[in-house]
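The structure under discussion appears below in the form of structure tokens.
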Protein chains: 2
Amino acid sequence: MLMHNPPHPGEIIKELCIEPLGLSVTEAAKALGVSRKTLSSIINGKSGISPEMAVRLSIAFNTSSESWLNQQTQYDLWQAEKHRDELQVRRLSAA
Amino acid sequence: MLMHNPPHPGEIIKELCIEPLGLSVTEAAKALGVSRKTLSSIINGKSGISPEMAVRLSIAFNTSSESWLNQQTQYDLWQAEKHRDELQVRRLSAA
DNA sequence: CAAAGCGTAACCCGTTACGTTACACGTTGC
DNA sequence: GCAACGTGTAACGTAACGGGTTACGCTTTG
């Protein structure tokens, strides 16, 4: 089932990973091995979590990469479903 | 948990949707509202399932868009995890 | 005031999904 | 044999996106 209005994964990173550890964005970016801009744009909802970034997060925060990427999937799908009625698709399955 | 060597979602489309209905790739592409090349490259594992394509598939085959995009996520993650040990990431969480 | 942290704009790059057009190949029917 | 059809795919173009660097202006803190 589709989640209702899923939060952008960047918020989760900030609230559940960065802030509880008392980390700065600069420090966290260094640890993740990405630029400060990359992490900042994720945290502020400007870009999504790539598969590679999901793996980075899973290493740094000892979590599962799947959970991170699934959050992104839910978010992307929520956006795409908004335009469901605009798509020109013919129903094929009678099932 | 991570699935073991998940199949490319294109195989699923072909084997579980196109072939059972006796559809040609050309017909299916028309119904989905995309070009023949686009569907063909998905089926043959040359490109992935985009969020919008997941919604198209869900309409045409009366399924959930989530299931389609999740399959793609599992596949992408499986690829990304292959290079986990090459990523320069510092562990941050003691938990 | 100086230093640090931050968001972000401006630019670059590589990749990817998607489109159109066109080609070569195979199969099927007349 | 030939026409019609289905197919994969190469060759182009476009738009979007993740990521990097540099640089600017702002705020907070020592």
Side-chain angles (χ1 to χ4, degrees), chain A residues 8-11 13-15 17-60 65 68-69 71-73 75-80 82-83 86-89 92, chain B residues 8-11 13-15 17-60 65 68-69 71-73 75-80 82-83 86-89 92:
Chain A
H8 190 281
E11 300 179 29
I13 298 178
K14 187 176 186 179
E15 296 170 11
C17 300
I18 311 280
E19 289 179 347
L21 293 177
L23 292 169
S24 70
V25 175
T26 304
E27 287 171 329
K30 276 265 186 186
L32 287 166
V34 299
S35 71
R36 179 172 65 91
K37 183 226 174 194
T38 294
L39 181 57
S40 176
S41 73
I42 291 175
I43 284 181
N44 293 286
K46 303 297 172 56
S47 60
I49 296 182
S50 67
E52 183 182 300
M53 181 60 75
V55 176
R56 290 183 188 275
L57 291 167
S58 75
I59 298 174
S65 55
W68 290 112
L69 208 48
Q71 286 179 46
Q72 187 63 49
T73 295
Y75 184 81
D76 292 342
L77 208 44
W78 182 259
Q79 305 302 320
K82 288 180 182 175
H83 309 103
E86 303 164 20
L87 300 179
Q88 307 282 328
V89 181
L92 288 175
Chain B
H8 190 282
E11 300 178 28
I13 297 178
K14 186 176 187 179
E15 296 170 10
C17 299
I18 311 280
E19 290 178 347
L21 293 177
L23 292 169
S24 70
V25 175
T26 304
E27 288 171 327
K30 275 266 184 185
L32 287 166
V34 299
S35 73
R36 178 173 67 91
K37 187 226 173 197
T38 294
L39 181 57
S40 176
S41 74
I42 291 174
I43 284 181
N44 292 287
K46 302 298 172 54
S47 61
I49 296 183
S50 66
E52 183 181 301
M53 182 58 76
V55 176
R56 289 182 188 275
L57 291 167
S58 75
I59 298 174
S65 56
W68 290 112
L69 208 48
Q71 287 180 45
Q72 187 62 49
T73 296
Y75 184 81
D76 292 342
L77 206 46
W78 182 259
Q79 305 302 321
K82 288 180 180 173
H83 308 104
E86 303 164 20
L87 300 179
Q88 308 282 327
V89 180
L92 288 175

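Numbered from 1 within each chain, the chains take letters A, B, ... in sequence-line order. As the structure is a prediction and not an experimental result, all values here were calculated from the model.
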*Got a second to check how far Asn44(B)'s CG is from Lys14(B)'s NZ, nearest 0.5 Å?*
6.0 Å
*asked:* Rounded at 0.5 Å granularity, tell me how far CD in Glu52(A) sits from CD in Gln79(B).
replied: 13.5 Å
Could you check how far [atom1] of [X] sits from [atom2] of [N], rounded to whole Å?
X        : N       : atom1 : atom2 : answer
His8(B)  : dA17(C) : NE2   : P     : 8 Å
Asp76(B) : dT16(C) : CG    : C1'   : 11 Å
Leu39(A) : dG5(C)  : CG    : P     : 14 Å
Lys30(B) : dC5(D)  : NZ    : C1'   : 14 Å
Ile43(B) : dG6(D)  : CD1   : P     : 14 Å
Lys14(A) : dG7(C)  : NZ    : C1'   : 10 Å
Arg56(B) : dC18(C) : CZ    : C1'   : 10 Å
Leu87(B) : dG18(D) : CG    : P     : 17 Å

*Let me know, please, whether Asn44(A) or Glu52(B) comes out on the 5' side of the other along DNA chain C by nearest nucleotide.*
Asn44(A)
_Apply side chain to side chain contact (heavy atoms under 4.5 Å, CB included) to residues Ile59(B) and Leu92(A) and explain how you reach the verdict._
CA-CA 8 Å; Ile59(B) 298 174; Leu92(A) 288 175; over 6 Å; no
Does [X] put a side-chain nitrogen or oxygen below 4.0 Å from OP1 or OP2 of [N]?
X        : N       : answer
Ser41(A) : dG18(D) : no
Ser50(A) : dC17(D) : no
Ser40(A) : dG7(C)  : yes
Thr38(B) : dG19(C) : yes
Thr26(B) : dC5(D)  : no

*Could you walk me through whether Ile49(A) and Tyr75(A) pass the side chain to side chain contact (heavy atoms under 4.5 Å, CB included) test, one step at a time?*
CA-CA 10 Å; Ile49(A) 296 182; Tyr75(A) 184 81; over 6 Å; no
*asked:* With side chain to side chain contact (heavy atoms under 4.5 Å, CB included) as the criterion, how do Leu32(B) and Leu87(A) come out once you've worked through the C-alpha distance, each side chain's angles and the decisive distance to 0.1 Å?
replied: CA-CA 9 Å; Leu32(B) 287 166; Leu87(A) 300 179; over 6 Å; no
*Proximity to the side chain of Val25(A) - top-ranked nucleotide from dT20(C), dG20(D), dG7(C)*: dG7(C)
*Taking the side chain of Met53(A) as its heavy atoms from C-beta onward, which of dG19(D), dC18(C), dT9(D) lies nearest to it?*
dG19(D)
Do any N or O atoms of the protein come closer than 3.5 Å to N or O atoms of nucleotides 21-30 of chain C, and which pairs are they?
none

_Go through it in stages, so that I can follow the logic: the residues are Lys30(A) and Glu27(A), the test is side chain to side chain contact (heavy atoms under 4.5 Å, CB included), and I'd like the CA-CA distance, side-chain angles, deciding distance and then a yes or no._
CA-CA 5 Å; Lys30(A) 276 265 186 186; Glu27(A) 287 171 329; 5.6 Å; no
*asked:* Just to be sure I understand the rule, does Ser35(B) reach a base, reach only the sugar-phosphate, or reach nothing, if contact means heavy atoms closer than 4.0 Å?
replied: base
_Quick one, Leu69(A) and Pro51(A) - any side-chain contact, counting heavy atoms below 4.5 Å?_
yes
